Amino acid sequence: RCVNPNPDYDNLQDEFEAFKGLDDAVKQQCLIDGSLGPAKMAKLVVDSICHIKKLKSDMIKREKEEAEQAAESTTTATHEEESEQQEQKPQYEPADPSRPRYACRMCRTILFGENHLAQDHIQNRHTFKKMS
């Protein structure tokens, strides 16, 4: 934004000199409506400040909205992750006493059973040779 001279004048200095030569009543009118002289400059400054304030408030509103949307998306993503984690957690199955279970030799704590084996495991498929 910049101040341009009125169409009757070539530059702002000519316009200001013309303002100085006006009667007091005409000067007062020009100061009130901001059409000539220092009031024109003051009006530009006030308008610029109002415009900047409006831009700043719009920017702050947008930032708040973006922060709220980001917070909402992270909470929904967190809830989705938690639900996925709950779905992915293996469900505890009680030990079946008829199936073999494997325990620690020292403390006899049950380490795992047949229900912990991989689903695609095929029994008796492996061969173990004694190395000499």
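Below, all heavy atoms of this structure are taken into account, side chains as well, without hydrogens, waters or symmetry copies. A quick note: this is a predicted structure, and the numbers were derived from the prediction, not measured.
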Visitor: Grab the two heavy atoms, one from Gly34 and one from Ala39, that are nearest each other, plus how far apart they are.
Guide: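 Between these two residues, the closest heavy atoms are CA-CB, 3.8 Å.
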Visitor: Between Val26 and Phe19, does the side chain to side chain contact (heavy atoms under 4.5 Å, CB included) criterion hold? Intermediate values first, please.
Guide: CA-CA 9 Å; Val26 179; Phe19 176 77; over 6 Å; no
Visitor: Going through the distances and angles, do His51 and Leu55 end up as a side chain to side chain contact (heavy atoms under 4.5 Å, CB included)?
Guide: CA-CA 6 Å; His51 181 71; Leu55 290 176; 3.4 Å; yes
Visitor: Say you draw a straight line from CD of Glu65 to CD of Glu72; how long is it, rounded to the nearest 0.5 Å?
Guide: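 With rounding to 0.5 Å, CD (Glu65) is 10.5 Å from CD (Glu72).
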Visitor: Is a side-chain donor or acceptor of Glu15 paired with a backbone partner of Asn6 at a separation under 3.5 angstrom?
Guide: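 Yes, Glu15 side chain to Asn6 backbone: donor-acceptor pair under 3.5 Å.
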Visitor: Between Asp58 and Arg62, is the closest basic N to carboxylate O distance under 4.0 Å?
Guide: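 Here Arg62 does not pair with Asp58 in a salt bridge, since their nearest N and O are not under 4.0 Å apart.
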Visitor: Give me the atom names and distance for the closest heavy-atom approach of Pro38 to Phe16.
Guide: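 Looking at all heavy atoms of both residues, the closest pair is CD-CE1, 3.7 Å.
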Visitor: If Ile, Leu, Val, Met, Phe, Trp and Tyr residues are connected whenever their side-chain heavy atoms lie under 4.5 Å apart, and connections chain through other members, are Tyr9 and Leu31 in the same group?
Guide: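 Yes: a chain of side-chain contacts under 4.5 Å links Tyr9 to Leu31.
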Visitor: Begin from the C-alpha positions of Lys20 and Glu17 and carry the test side chain to side chain contact (heavy atoms under 4.5 Å, CB included) through to its verdict.
Guide: CA-CA 5 Å; Lys20 286 182 182 178; Glu17 293 297 326; 3.9 Å; yes
Visitor: Just so I know, are the side chains of Asp33 and Gln29 near enough to count as touching, which here means a heavy-atom distance under 4.5 Å?
Guide: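 Counting from C-beta outward, Asp33 and Gln29 do come under 4.5 Å.
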Visitor: Is the backbone N or O of Cys30 less than 3.5 Å from a side-chain atom of Lys40, with the two atoms forming a donor-acceptor pair by type?
Guide: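 Pair absent, no side-chain N/O of Lys40 close to backbone of Cys30.
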Visitor: At what distance, to the nearest 0.5 angstrom, does CG of Asp8 lie from CG of Leu36?
Guide: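 With rounding to 0.5 Å, CG (Asp8) is 8.5 Å from CG (Leu36).
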Visitor: About how many Å separate CD1 of Ile52 and CG of Asp47, when rounded to the nearest 0.5 Å?
Guide: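 Here the rounded value is 11.0 Å.
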Visitor: Counting only heavy atoms not in Lys43, do more than 12 fall under 6.0 Å of its NZ?
Guide: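 Counting other residues, nucleotides and ligands, NZ of Lys43 stays at 12 neighbours or fewer.
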Visitor: Is a side-chain N or O of Asn11 found less than 3.5 angstrom from the main chain of Gln13, in a donor-acceptor match?
Guide: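 It does hold such a pair.
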Visitor: So, taking the atom named CD in Glu66 and the one named CE in Met59, what distance separates them when rounded to the nearest 0.5 Å?
Guide: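 Going from CD on Glu66 over to CE on Met59, the span is 10.5 Å.
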